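Remember, predicted model here, so these are calculated numbers, not experimental data. Remember, it's 1-based here, ligands and their atoms both numbered in the order they're listed.
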Amino acid sequence: MNKTLRHSYFIGNWKMNLGRAEAKELIKGELSELPGDSYRVVLAPPFLLMPLVSDLIGGSSLLLAGQNCYKELKGAFTGEISPLMLKEAGATYCIVGHSERREYFFETNDLVREKIVILLEQQIIPVLCVGETKEEREANRHFEKIKVQLSSVYDSLSKSERAKIIIAYEPIWAIGTGLTASSQQASEMHKFIRDWLASTYGDELAFGTSILYGGSVKKTNAKELFAKEDIDGFLVGGASLNAKDFLAVIVESGA
Ligand code: PEP
């Protein structure tokens with residue numbers, strides 16, 4: 001089945017960057033040129049900017065994502081954000097299990113699974129991040145690592161829940177480092193993920209799941225990566241922080 005039958009995504013993860021004025025400027029630039037209808041563009045601003053971003057993109061084809069959420073809907077969880085709050089702010093997507101969350105905030109596969117379950121209950125589409133460290137790749141354990149990260153989430157979900165998840169393959173050694181996986185390394189892993197989905201859950205899920213690549217994507221590598229059959233778009237950090245760079249990634253990819 002051809003990749004054009006899946007949704008392509010360009011998701012901008014602003015991380016802990018940009019203030020209100022910068023966000024306004026960025027979105028003004030993005031709205032001036034966006035987008036074709038053959039792909040979806042999703043912005044993941046810091047929580048405090050979400051209402052502003054939601055207002056600014058209202059009525060356009062731009063979509064809103066949380067960068068994270070908690071695994072409960074409400075209660076005594078100081079400092080956390082509920083999926084209900086994301087929904088109220090206008091988010092229809094949420095990044096889960098980003099390697100920075102796993103590394104700096106000790107998020108386990110179990111917690112990632114719990115977050116995905118509650119997001120799906122709230123009709124928010126999870127963008128499940130998986131990826132290996134440099135050491136794991138060098139020890140040839142990268143496929144095993146990704147399989148464990150995926151199966152710890154997918155195994156407990158129903159068929160219809162599995163069908164809603166977007167996967168983002170982000171080799172940790174390529175995030176924010178300027179190093180990119182070669183298009184061959186990336187497409188090999190994307191094919192591994194799709195083959196695993198097919199052999200574990202069937203072709204329908206495998207062919208229908210959008211698998212994004214993340215890790216120092218920029219206009220100079222977007223075309224080669226996006227040309228690969230199993231790469232359905234990008235999760236972009238650094239290059240999503242100004243409109244020119246982010247739009248260039250989309251344009252260069254040829255989506
Ligand atoms: C990311 O934040 O998921 C990411 C891939 O960042 P960068 O594009 O800066 O490597």
Inset, instruction - Please assess Leu241 against Leu26 for the test side-chain contact (heavy atoms from CB on, under 4.5 Å), listing each intermediate value before the final yes or no. - result: CA-CA 7 Å; Leu241 295 178; Leu26 174 60; 5.7 Å; no

Inset, instruction - Kindly indicate, with the supporting measurements, whether the criterion side-chain contact (heavy atoms from CB on, under 4.5 Å) is fulfilled by Leu120 and Lys164. - result: CA-CA 8 Å; Leu120 288 169; Lys164 297 198 176 80; 3.7 Å; yes

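With a 4.0 Å cut-off on non-hydrogen atoms, Asn13 touches ligand 1 through its side chain and not its backbone. When non-hydrogen atoms are compared, ligand 1 lies under 4.0 Å from the side chain of Lys15 (C-beta onward) but not from its backbone. With a 4.0 Å cut-off on non-hydrogen atoms, Ser240 does not touch ligand 1 at all.
Ligand 1 does not have Ala168 within reach: every non-hydrogen atom of the residue lies 4.0 Å or more from it. Note on ligand 1: Lys218 sits outside its first shell, no heavy atom being nearer than 4.0 Å.
Heavy-atom contacts of Gly176 reach the following atoms of ligand 1: 7 (P), 9 (O), 10 (O) (cutoff under 4.0 Å). Using a 4.0 Å cut-off to heavy atoms of Ile175, the atoms of ligand 1 that qualify are 4 (C), 6 (O), 10 (O). Here is the list of ligand 1 atoms found below 4.0 Å of a heavy atom in Gly215: 5 (C), 10 (O). The distance from ligand 1 to the heavy atoms of Ala174 drops below 4.0 Å at these ligand atoms: 10 (O). Counting atoms of ligand 1 from 1 in the listed order, those under 4.0 Å from a heavy atom of Gly238 are 7 (P), 8 (O), 9 (O).
Residue Ser216 has at least one N or O atom closer than 3.5 Å to an N or O atom of ligand 1. Here's the thing with His98: one of its N/O atoms is less than 3.5 angstrom from an N/O atom of ligand 1. Some N or O of Gly237 is nearer than 3.5 Å to an N or O of ligand 1, by distance alone.
For Glu25, the CD atom sits in a loose shell: 12 or fewer heavy atoms of surrounding residues, nucleotides or ligands are nearer than 6.0 Å. Counting non-hydrogen atoms of other residues, nucleotides and ligands closer than 6.0 Å to NZ of Lys219 gives a total of 12 or fewer. For NZ of Lys191, the number of neighbouring non-hydrogen atoms (other residues, nucleotides, ligands) closer than 6.0 Å is 12 at most. Counting heavy-atom neighbours within 6.0 Å of Lys87 NZ, excluding the residue itself, gives a total above 12.
Using a 4.5 Å cut-off on side-chain heavy atoms (C-beta onward), Ile250 and Glu33 make no contact.
With respect to Arg194, the side-chain contact (heavy atoms from CB on, under 4.5 Å) criterion is satisfied by exactly one of Ile211, Leu205, Asp203: Ile211.
Of all protein heavy atoms, the one lying nearest to atom 3 (O) of ligand 1 is Glu170 OE2, 2.6 Å.
No side-chain donor from either of Asp230 and Ser187 sits under 3.5 Å from a side-chain acceptor of the other.
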